[in-house]
Asks: 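Here it is, the structure in full.
All ligand and atom numbering here is 1-based and tracks the order in the structure.
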Amino acid sequence: MKIIIINGPNLNLLGKREPEIYGSKTFNDYFKELKNRFSDIELDYFQSNIEGEIIDKLHQVGFDYDGVVLNAAAYTHTSVGIGDAVKGITTPVVEVHISNVHSREDFRHVSYIAGNAKGVITGFGLDSYVLAIQSFMK
Ligand code: DQA
């Protein structure tokens with residue numbers, strides 16, 4: 001099984017960025033833990049701060065991977081382009097957020113991805129990624 005985690009803007013700062021919301025672990029360290037935990041899965045990781053690069057990556061993986069775990073971060077709430085890319089590919093996408101976007105500002109309650117995603121996982125800290133990966137194993 002081949003799964004990719006795609007992280008959007010500012011998630012390269014995990015560990016340093018607003019640790020009271022996003023925790024103090026870097027994603028690279030967390031990704032090592034995920035690789036160990038899910039050693040049977042071919043798990044890839046991509047991060048970009050650039051909307052078009054996220055769209056290109058979705059096109060690249062979206063017809064042969066078994067699952068995409070997508071934290072489009074702020075683009076979740078703004079990007080028709082990423083929403084359309086999720087709609088246009090055949091690989092199922094699970095939208096994830098570290099924080100509970102529904103308990104935060106109103107603009108975070110909008111998602112251009114959710115309507116075309118397999119499901120949405122929000123608010124479980126970094127465990128949101130674990131839950132998303134597990135959802136592909138059912
Ligand atoms: C986030 C929530 C978004 O609203 C925010 O813009 C992020 C991170 C999360 O994982 O909680 O950058 O996607």
Asks: I'd like to know if the side chain of Tyr129 pairs up with that of Asn7 as donor and acceptor (distance under 3.5 Å, no hydrogens or angles considered).
Replies: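 Per modelled atom types, Tyr129 and Asn7 side chains form a pair under 3.5 Å.
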Asks: Under 3.5 Å between some N or O of ligand 1 and some N or O of Arg104?
Replies: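 The answer is no, given that Arg104 and ligand 1 share no N or O pair closer than 3.5 Å.
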Asks: Taking it one step at a time, do Asn49 and Gln47 satisfy side-chain hydrogen bond (donor to acceptor under 3.5 Å, both in side chains)?
Replies: CA-CA 7 Å; Asn49 295 319; Gln47 189 276 331; 3.0 Å; yes
Asks: Quick check against the 3.5 Å criterion: does Lys118 have a side-chain atom that pairs as donor or acceptor with the backbone of Glu95?
Replies: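 Side chain of Lys118 to backbone of Glu95, a donor-acceptor pair under 3.5 Å: no, none is there.
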Asks: Tell me, do Val94 and Leu70 make a side-chain contact under 4.5 Å, heavy atoms counted?
Replies: no
Asks: Does some side-chain heavy atom of Asn28 sit less than 4.5 Å from a side-chain heavy atom of Tyr30?
Replies: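 They are not in side-chain contact.
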Asks: Examine Ala74 against ligand 1 and note whether any of their N/O atoms are separated by less than 3.5 Å.
Replies: yes
Asks: Under 4.0 Å from ligand 1, counting heavy atoms only, is it the side chain of Thr122, its backbone, both or neither?
Replies: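 Within the 4.0 Å criterion, Thr122 makes no contact with ligand 1.
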Asks: Under 3.5 Å between any N/O of Val96 and any N/O of ligand 1: does that happen in this structure?
Replies: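 Among all N and O atoms of Val96, none is under 3.5 Å from an N or O of ligand 1.
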Asks: Just which atoms of ligand 1 are under 4.0 Å from any heavy atom in Arg108?
Replies: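 Contacts of ligand 1 toward Arg108, numbered from 1: 3 (C), 4 (O), 5 (C), 6 (O).
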Asks: Does Asn71 come within less than 4.0 Å of ligand 1, judged by its heavy atoms?
Replies: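 Yes, Asn71 has heavy atoms under 4.0 Å from ligand 1.
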Asks: Could you list which atoms of ligand 1 come closer than 4.0 Å to a heavy atom of Ser99?
Replies: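 What qualifies from ligand 1 is 2 (C), 9 (C), 11 (O).
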Asks: Any idea which atoms of ligand 1 are less than 4.0 Å away from a heavy-atom of Ala73?
Replies: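 Answer for ligand 1: 6 (O), 7 (C), 12 (O), 13 (O).
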Asks: Heavy atoms only, cut-off 4.0 Å: how does Arg17 contact ligand 1, side chain, backbone, both, or neither?
Replies: side chain
Asks: Is Glu105 close enough to touch ligand 1? Criterion: a residue heavy atom under 4.0 Å from a ligand atom.
Replies: no
Asks: Report yes or no: is the cationic atom of Lys2 (NZ for Lys, CZ for Arg) closer than 6.0 Å to the six-membered ring centre of Tyr65, at no more than 45° off its axis?
Replies: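 Lys2 over Tyr65 ring: yes.
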